[in-house]
Protein chains: 2
Amino acid sequence: MTMPQPLRIGDAYNPDCPTRHILDRIGDKWAVLVLLTLKDGPARFNDLRRRIGAISQKMLSQTLKSLERDGLVSRAAFPTVPVTVEYRLTPLAGGLIRILDQVTQWAESHVGAIMAARRAHDGALADAMAA
Amino acid sequence: MTMPQPLRIGDAYNPDCPTRHILDRIGDKWAVLVLLTLKDGPARFNDLRRRIGAISQKMLSQTLKSLERDGLVSRAAFPTVPVTVEYRLTPLAGGLIRILDQVTQWAESHVGAIMAARRAHDGALADAMAA
DNA sequence: CTGAATCCTTTTTGATACTG
DNA sequence: CAGTATCAAAAAGGATTCAG
């Protein structure tokens, strides 16, 4: 019989592990961008499209659909003509947003160090090539 | 003239924005897996390969190289025969690891809610199809 | 053992055209 | 406005082979 496995990091290695699904969502560039954009408040489809800018309509549609499926974003359609659709974060998304904020904060405060590391690394590489 | 932009979320939308590079790294499944594995301590190439399991040699090599370039992982080669190489997290990676831990914690504690949302969503979809 | 190089398959994404 | 459908392009990943 299959015992319930303790939740280890290792679980993430298994594509079938549910935890992995969430890592995949975090790892989805567009999903993160959409979530962070919705943090400012509800927005409509083309609003998001314009604000994110670089996203194609296909990707936005796809991303919103999976976020909605995961219960992180809710969709409300109003029977106006033409139809109005509004997306917003769900309460469930709240905690995730806080973590994403930490990620961006970390990124902003350490981007300098990382870029410096890159320069050093690339420089050392160039030196090695020249030698 | 181009004014220095305030650091907004929007910066992440620009592929050229350095902050975006970091988001991309977080968004790299293999990078995250490698970082979390190295959290347990230094490890050698084939160690990592075995522990991560699903990763190919190519991906592991590629991932380690970019993590090293970003100053998140350091590489030490010992002139044994055959050569021994050890990878470990740098101090810079420390803060990032803490955030990644939060992500996995959040994932573990909310995976139930997300799976439930999926079932509800898929169920509602099936109902709509049947109607 | 630790990789680099190559080829080939799969996945992802973008462009475009069309619908309610 | 808010999408869907389809096709082509591009990127990522895997398998294999070879080398220090």
Side-chain angles (χ1 to χ4, degrees), chain A residues 12-16 20-21 23-34 37-38 42-69 73-88 121 124-125 128-129 131, chain B residues 12-15 20-21 23-34 37-38 42-69 73-88 121 125 128-129 131:
Chain A
Y13 304 147
N14 180 2
D16 296 333
R20 170 65 170 275
H21 294 319
L23 261 341
D24 284 349
R25 181 129 329 292
I26 310 292
D28 182 339
K29 177 179 76 174
W30 296 129
V32 170
L33 253 25
V34 167
T37 304
L38 286 176
R44 294 169 52 184
F45 190 86
N46 283 331
D47 269 348
L48 289 170
R49 193 148 150 53
R50 267 186 299 274
R51 289 168 61 190
I52 298 183
I55 194 171
S56 70
Q57 126 279 29
K58 178 184 175 180
M59 282 301 101
L60 178 56
S61 172
Q62 213 169 86
T63 302
L64 285 169
K65 219 184 305 184
S66 60
L67 286 174
E68 193 195 353
R69 186 169 105 99
V73 162
S74 66
R75 175 186 187 276
F78 304 98
T80 53
V81 280
V83 63
T84 298
V85 178
E86 193 179 79
Y87 292 94
R88 73 176 63 212
H121 185 265
L125 186 63
M129 300 282 287
Chain B
Y13 304 149
N14 179 1
R20 170 64 169 277
H21 294 320
L23 261 342
D24 284 349
R25 180 127 330 291
I26 310 293
D28 183 338
K29 178 178 76 175
W30 296 128
V32 170
L33 253 25
V34 167
T37 304
L38 285 177
R44 295 171 52 186
F45 190 87
N46 282 332
D47 269 349
L48 289 170
R49 193 147 151 56
R50 267 186 300 274
R51 289 167 62 189
I52 299 182
I55 195 171
S56 70
Q57 170 270 341
K58 177 184 176 179
M59 282 302 101
L60 179 55
S61 172
Q62 210 169 90
T63 302
L64 285 169
K65 219 184 306 184
S66 60
L67 286 174
E68 193 195 353
R69 186 168 104 100
V73 161
S74 65
R75 175 186 187 276
F78 303 98
T80 54
V81 280
V83 62
T84 300
V85 178
E86 193 179 78
Y87 292 94
R88 71 175 64 213
H121 184 266
L125 186 64
M129 300 284 287

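Chain identifiers are assigned alphabetically (A, B, ...) following the order of the sequence lines, protein sequences preceding nucleic acid strands; residue numbering begins at 1 within each chain. Computed from a prediction, not measured in an experiment: that's the story for all the values here.
If you check dG3(C), dG14(D), dC1(D) against the side chain of N46(A), the one that comes closest is dC1(D). Side chain of V85(B), nearest nucleotide from dA2(D), dG20(D), dG3(C): dG3(C). Out of dG13(D), dT2(C), dT4(D), the shortest distance to the side chain of M59(B) is found at dG13(D). Among dG14(D), dG3(D), dG20(C), the nucleotide with an atom closest to any side-chain atom of S56(B) is dG14(D). Here the side chain of F45(A) is nearest to one of dG3(D), dC1(D), dG3(C), namely dG3(D).
Straight-line distance from the CZ atom of R49(B) to the P atom of dG3(C): 12 Å, rounded to whole Å. Regarding I52(B), its CD1 atom lies at a distance of 15 Å from the C1' atom of dT2(C), rounded to whole Å. At whole-Å resolution of the value, NZ in K29(B) and C1' in dT11(C) are 11 Å apart. Between the CG atom of L60(A) and the C1' atom of dT13(C) there is a distance of 14 Å, given to the nearest Å. Rounded to an integer number of Å, the gap from CG of L64(B) to P of dT2(C) is 11 Å. Across the protein-nucleic acid pair, D28(A) atom CG and dT12(C) atom C1' stand 11 Å apart, rounded to whole Å. Between D24(B) atom CG and dT12(C) atom C1' there is a gap of 15 Å when expressed in whole angstrom units. The CD1-P distance, from I55(B) to dG14(D), rounds to 8 Å in whole Å.
Between T80(A) and T84(A), the shortest heavy-atom contact is OG1-OG1, 2.8 Å.
Panel note: side chain R75(B), backbone E68(B); no donor-acceptor pair is recorded below 3.5 Å. With hydrogens and angles ignored, the 3.5 Å screen pairs no side-chain donor or acceptor of S61(B) with any backbone N or O of Q57(B). Not one N or O on the side chain of R88(A) forms a donor-acceptor pair closer than 3.5 Å with the backbone of L38(A).
The shortest distance between the side-chain N/O atoms of S61(A) and the OP1/OP2 oxygens of dT4(D) is below 4.0 Å. A sub-4.0 Å separation between OP1 or OP2 of dC1(D) and a side-chain N or O of Y87(A) is absent. For the OP1/OP2 pair of dT4(D) and a distance below 4.0 Å, the side-chain nitrogens and oxygens of K65(A) include at least one atom meeting the criterion. Look at K58(B) and you won't find any side-chain N or O under 4.0 angstrom from OP1 or OP2 of dA12(D). Taking 4.0 angstrom as the limit, R44(B) places a side-chain polar atom (N or O) nearer than this to OP1 or OP2 of dT2(C). Side-chain nitrogen and oxygen atoms of R75(A) include at least one within less than 4.0 Å of the OP1 or OP2 phosphate oxygen of dG3(D).
By the 4.5 Å heavy-atom criterion applied to side chains, V85(B) and F45(B) are not counted as neighbours.
Interface remark: the E86(A) side chain does not form any donor-acceptor pair with the dA2(D) base, using a distance-only criterion of under 3.5 Å.
Of the two residues contacting DNA chain C, namely W30(A) and Q57(B), the nearest-nucleotide position lying further toward the 5' end is that of Q57(B).
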| said: Quick one, M59(A) with Q62(A), criterion side chain to side chain contact (heavy atoms under 4.5 Å, CB included). Give me CA distance, side-chain angles, the key distance, then yes/no. | reply: CA-CA 5 Å; M59(A) 282 301 101; Q62(A) 213 169 86; 3.3 Å; yes
